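First up is the structure itself, then whatever we jot down about it.
Just so you know, these numbers come straight off a predicted model, no measurement behind them.
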Amino acid sequence: MHPESSSTSGYETDTESRNRQHHRRQFQFKKVPQSRKTLHEIEDISESSGYETTADFTTFSSITPEKIPKQRLERKIADTFRKSKYLPKDQSSSDSDSENDMVPNTTGAMNYFQQSCQLSKEYKNKEFFHSHAIQHGLKLSKRCVARLQNECARENKGKKDFYTVFLKPQKLLSLLQRYPMKYKQGILQIDSSHGAICKIKNATDGIDLIVISGRSKCGKAYTDDEVVVEVLLENSEIPRLGKIIQPRQKVFGKVVGILARKRKENIDHPVYVCELDSFDNYKAKPICKTIPKLHLVRKNFKEKNYFTVDLYKYNAERKDLLPDRQMRITPSRRRKYLFYVVFISWPATYPIGVAIDVHKSTTSFLNGMRILDLQYEIPTIYKPSTVTKLQQKLHVKFADKKADREDLTENIKAFTIDPKGTKVLDDAISIDKSDDGSFRVGVHISDVTAYIEKGDEIDIEAAERGTTYFSGRYNDPHCMLPEPLSLDTCSLLPGLSRLTITVFLFFGSDFKPRAHTIGKSYIKSSEQLSYEQVQAVIDGHSVKSKWKEHIDDLFRIATAVRRNRLGNAMWGVPFEYDFGEDLETRTNCFEAYYLIEEFMILANESVAKLLMSLPLFKDRVPLRCQDAPPTKRVQDWLKSYPKILDQIIQLQGVKPLEHREISFANLEDGRRLRYTEISFIQKWIWNLFTSYMNEGNFRQAGRLLRQDEIHPYQALAIDEWISFQENAEYRCSGNLANKRQGSHFGLNKYPYVHFTSPIRRYIDIVTHRLLHAAISPTTTAKDIPYSSKEVQTICTQMNRISLQAKTYDNKCKSLHLASDLQKKPTVFYGFVKFSSDQDLALVFPGLRYLNDECTTLTLNNLDVCCQPIFKRDVERVNLPAERNIMELIWDKRIYSNLKRRPYPKTPRNGYQYAQNDEPQRIDPHQRTEIHQSTKWMKFLVSACSINNLSKCKQSFTEITDASPLRYVTTSFDTEYDINCELEKKRQPDENIVDTPNEDGLNSLSTKTKSKTEKRRKYPSIITKQSCKFSMTFSHGQVVSVQMSANIQKGILTPYIQFVDMTENVKFCLEHMRDPVYCLEQYTVNKTKPKYENLEEYKDIWLPIIQMESVMSAVRSDTIVINDVDVNLKDSDGSFNLKSEFCDERNIILSSMAISFLDKNVPADGSEESKKYYMPRTDYLCIRCPLFRNPLEPGSGYSLDKPSEFTTWNKWRPDEYYIWSTHAKITSVDTYKNSGNIAVNFRIHKNAGKQPPDLPSGKNRLKKCCVEIMPKSAIAMRIENAIRFLHEATALSRSIAIKKNIPDFNDADDHLKAISQTDIEIGLPKNNKDQKKAIKMALTKRFSLIHGPPGTSLLKSTIYWH
């Protein structure tokens, strides 16, 4: 159990208890026979059409030292690994991009220790090549390094090393002391190939982050290096711009030296997992960002082939790298490949690297885990010495270990509480009640040190691993201790006696702690309970449980302890997104989690106090510490959220500054809220909350209310608060200057240690050994297992490992989410964090582990028609922070196939159109409920103070009756939606009202001043073919997006697929981000000076023209038609439109006439032509909102009812999703009798075919949105001209394929005839060269003449005879 995962977890950034994954073996790979191909046999040539089914290709590569005969060792190792579910059969050659080949494991796969035993027995000292190479690098001879450097030097001839030489550490320390304002010490983080950031250590002057812009200023430094940075803007002024930097703007600097290297410090030639650069296949970027780019060595650098990568083979015996083969990679598949690149040296701008192997990434979860394990160097196989030592330990009998221990197997009833299915059970709990009403709570921790001696082989490897890495479902955890110990001998399994250290906590009848004792013991756990089971008991749903009395008593004590520790913050419920419908999240089992946490915190604190109270130990205790956040950042944060902070429940009682405490009381006394102050609540949250209140489900209503992260401004304030918290770390007590350095800011504890997870954390083992010595009555100074220096060294190592484990855990969570999103794209409601002229940053509740790339909207992909407009945000909630509001403007063609106008925001007043050609303003807060903060706070305080919403009905009524919209200026004069289906112009004496008809269409109702005239209906009239509209984006605004997943850096990664702005306006970012991948296909075939035949010319040029065409089409004037019924069948589909509808809206779907001259021109000189009518091949993006659960059986998951459209902004994000596909029009059929136009299309191979949950027998999606991206007329003419080049004249064909152009048969006679028609126009006579050029032009069938350069006559003229 992790004791720091309280409701104030925002302070502690290395939370673990929520990350304790289930130790399950659920899946393994089927052993399906498949062919093996090597890279020698594979070349990725130009792809076939994106609308035809083509076979994928595979890659398989193996690298073994030459001294190992003919891959025999690798195949044996692979066969051994394949018995586990970790590696699929021939994974590197798998064609599958999915996990469909995984089946439930019924045979029992080997764990990592069993694999280690097998490898140790059969292949001693031979480790799997990739893992070993990445962890330990390669050994290369000096001759090999020199040869590779020379090859690269010839390629980079003339390029000089522009880096300045780093200063030596002694000089750096001197500069830090003499000029503390100019030189700063910090940790470098490489952000991109040309930029980095430096996090300043011990910032005292408000500068805690320095931006390093430019490769030359970053120098030859690695990520995580401890560096010294020179502040370039010492006076906060940019001289060349004459601009003063504001306090909140960036500070720039330059790296001048390295104090300590943290990564690869003792490895000369490390190996990195790299992706290819987006623009240059000769550059590779490590996905770990340790260094910037690596320049790949090529066998023949003079060969300009931009789509190949040279692979080298490693010869371990000769310590050499030799050219092996070339691999061709298309741009569309670039992101699917990762390369293992060995670092050679860093002589120039970029380091020299050699690609030694390739990994083809797939969309499977296990493929992503393999990459993550390699990237973060996660240990898997145990060393042979560890295996041998443990096999000796397993023969020790339990009875030999029971001496000097208290037998608690009969006196107490202990049980464990862990996630369902967990086998790593390192803590148990018990409770006894005395006759006087007092309690004794036992916290029993597995005594791992009874089986592991300090300094033995198991202990050494455990120290190197440092922690257990949990990767989630489908995978076993990477255990710090071998599985026989962590899953069996040391695990507190029910019904088995186990060695423990017990901390007894004594409480009075008033639940206040009185005392504690610590001793060695052994227990027998009675039962293993899950959090879900315990939560059911707490909620009263499991009244028959035999543990009900124990759990109820423990819960009452834990609640009292938590209230005393946190105050009102105890009511804060953390929010976790339960994508997989996990019932054991911290949100669903909140009380069960904190029941365990409170006792674990008390146990850790008790051990810390005992060790710090003993003179022999107080200078060598590994304390868990966390510094207070930087004062300057806290002050800015307090200024940004002056009223919001005191409404955040989980921060109640926190003192960010000595004179400032966050509390409800600040809004009740002293800082009273004015009636104009407003609070924003998500509309779907408010509706769900209202439903709970009306149903009398007050427990769920209160839990929903107290989740700060689902409320926009509270979530943003917490996100910023966490962003500048200092990382918690381990420090030796003997090295602390004062008590403040040893305190834990988040928990508000001193002293505090980690003691309760010895199976999963090595630092806990260190604490256990010190505790053993402390409670032994015969301990002397010589018996203490660690010195102060040793503890400090261990703390430093564990801090590095803890940070790596946290990053790895976040990446695993992101991969889990991406794996689920790939199967089921999901709608999320995000909150605007900040906006710039390039992007829009969002915060998503429960998804803090996603990186910025996953949560940022690029404005260029939103297809706005002009640059964003920034204004000062005058809303009272944002006014104190002096933030800006961004306005985006669009000009789009948006129609309704049902001629349905947008539903008015206020039906009584009708749709309010913008005046004077101004953009129609769209309401930015239509997914938000707005209430007065004064009334909201009354309700919030009442709910938290008594935790019983049944007594707060009056407050609830006051909120629902309020209407504070008049205080939201950004919603003034706005509407909910927009399209081009305009209404009839209003008469001066009419008040026109939009009302829904029985058929769901909006009609116009006209009321005269006497209100006696009946309502009349008017058809929609298209007065403009495009509608101009705008929306503002401000801090805290709710934005609806849909996420899916694709491969980035070789790993399946979440990304924003759609922006669901309104019912009629939805932006597909997928085809805007990569149009060629979604709608066409990439090609790598280069053009030639000459072509063998017309087919070769077409094969090369047609894909190029199509790529250019689709790039232009997605950025052109696209046509959006809503309310279209779409028929789907396999990879084909169709939809119908009315001819009249298309004519009124100038939608051109008719075929295009193409004329080609006949091959033989008639003797009379007339030109007979052939006419072809080519169907339009425009591109389509088809999307349709579908409910997760159909409202009506057989409705095809469509949104049929008009009422559903009018309430779309109240939908819960988990109720619906947007299905989409991309296609190309294949034909258009016009039926004159019915007036219908049938548009037939073919779905692209990279797009989804049809909704997987579409009911059987249903192939129609109703009320879809079809976005037509028409090709330009020029693009169509060029494309058709190439396609029908065989029908062109001989001259045209000769010009295309660069064949000899036929001359005139009678050139002299032709020239003489032309000279007779010469016209005198008064120009100077031509010189000799001009006469020669004119003669050549007049005697050739085709000539291209350029004017003289540098003059206004630089024009091209084509003469075609």
Side-chain angles (χ1 to χ4, degrees), residues 1-17 426-427 441 443 445 466-467 501 503-505 513 515-518 558 561-562 564-567 569-570 593-594 596-614 617-629 653-655 725-758 760-771 774-775 786 788 791-792 794-796 798-799 801-803 806:
M1 313 297 175
H2 180 66
E4 298 163 357
S5 300
S6 64
S7 62
T8 55
S9 60
Y11 319 137
E12 177 75 12
T13 57
D14 63 343
T15 304
E16 174 199 0
S17 77
D426 45 17
D427 54 76
V441 176
V443 178
I445 308 301
T467 187
I501 294 181
V503 179
F504 279 118
L505 306 170
H516 66 268
T517 61
I518 303 174
V561 172
R562 190 176 183 85
N564 182 63
R565 184 171 68 90
L566 299 176
M570 70 167 292
Y593 271 93
Y594 83 60
I596 288 297
E597 288 171 1
E598 293 303 323
F599 293 118
M600 297 302 123
I601 291 175
L602 287 175
N604 287 335
E605 187 180 18
S606 300
V607 172
K609 289 181 177 179
L610 173 63
L611 294 176
M612 292 296 291
S613 65
L614 301 176
F617 293 86
K618 66 179 181 180
D619 64 339
R620 62 195 70 192
V621 180
L623 296 177
R624 185 64 169 170
C625 311
Q626 186 187 26
D627 294 332
V654 175
K655 288 186 175 181
Q725 296 301 300
E726 299 290 347
N727 287 329
E729 58 184 18
Y730 301 106
R731 295 171 184 167
C732 178
S733 58
N735 294 351
L736 302 179
N738 50 54
K739 177 180 176 181
R740 184 176 181 180
Q741 291 183 358
S743 299
H744 195 294
F745 174 79
L747 297 175
N748 195 22
K749 294 289 185 180
Y750 176 84
Y752 190 77
V753 297
H754 273 171
F755 158 76
T756 56
S757 298
R760 297 194 298 272
R761 282 192 305 243
Y762 186 78
I763 200 72
D764 296 54
I765 294 179
V766 175
T767 303
H768 274 236
R769 289 185 175 133
L770 292 172
L771 184 60
I775 61 179
Y786 297 99
S788 177
V791 171
Q792 180 58 43
I794 294 173
C795 287
T796 301
M798 293 304 111
N799 289 334
I801 294 175
S802 297
L803 187 60
K806 174 191 171 185

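Here the side chain of E726 pairs no donor or acceptor atom with the backbone of P629 at under 3.5 angstrom. Checked by atom type and distance alone, the side chain of T767 pairs as donor or acceptor with a backbone atom of H754 at under 3.5 Å. Side chain of N799 to main chain of Y730: a donor-acceptor pair is present (N/O by atom type, distance under 3.5 Å, no hydrogens or angles).
Side-chain contact between E598 and L505 is absent, with no heavy atoms from C-beta onward closer than 4.5 Å. Side chains of N735 and S788 form a contact here, defined as non-hydrogen atoms less than 4.5 Å apart. Put simply, the side chain of V441 does not reach to within 4.5 Å of the side chain of V503, judged on heavy atoms. Considering only heavy atoms from C-beta on, R740 stays 4.5 Å or farther from Y750 through its side chain. Under the 4.5 Å side-chain criterion, counting only non-hydrogen atoms from C-beta, I501 is in contact with L771. Between I445 and P758, some side-chain heavy-atom pair lies under the 4.5 Å cut-off. Put simply, the side chain of Y762 reaches to within 4.5 Å of the side chain of M798, judged on heavy atoms. Put simply, the side chain of V443 does not reach to within 4.5 Å of the side chain of F504, judged on heavy atoms.
A salt bridge links D627 and R731; the closest N-O separation between the charged side-chain nitrogens and carboxylate oxygens is under 4.0 Å.
Between L611 and L770, the shortest heavy-atom distance links the atoms CD2-O, 3.9 Å. Of all heavy-atom pairs spanning I518 and I775, the tightest one is O-CG2, 4.3 Å. Nearest heavy-atom pair, S733 versus K618, reported as atom, atom and distance to 0.1 Å: OG-O, 2.6 Å. Summarising the geometry of M570 relative to L566, their closest heavy-atom pair is N-CB, 3.8 Å, with the distance given to 0.1 Å. Between P751 and L623, the closest heavy-atom pair is CB-CD2, 3.8 Å.
Under the salt bridge (Lys or Arg N to Asp or Glu O under 4.0 Å) criterion, K609 pairs with E605, not counting sequence neighbours.
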Stepwise side-chain hydrogen bond (donor to acceptor under 3.5 Å, both in side chains) check, S757 with R760: CA-CA 6 Å; S757 298; R760 297 194 298 272; 3.3 Å; yes
Derivation of the side-chain hydrogen bond (donor to acceptor under 3.5 Å, both in side chains) call for N604 and Y752: CA-CA 6 Å; N604 287 335; Y752 190 77; 3.1 Å; yes
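Ring-centre distance between H768 and F755: below the 6.0 Å cut-off.
For the pair R620 and Y786, the cation-pi criterion (under 6.0 Å, within 45° of the ring axis) is not fulfilled.
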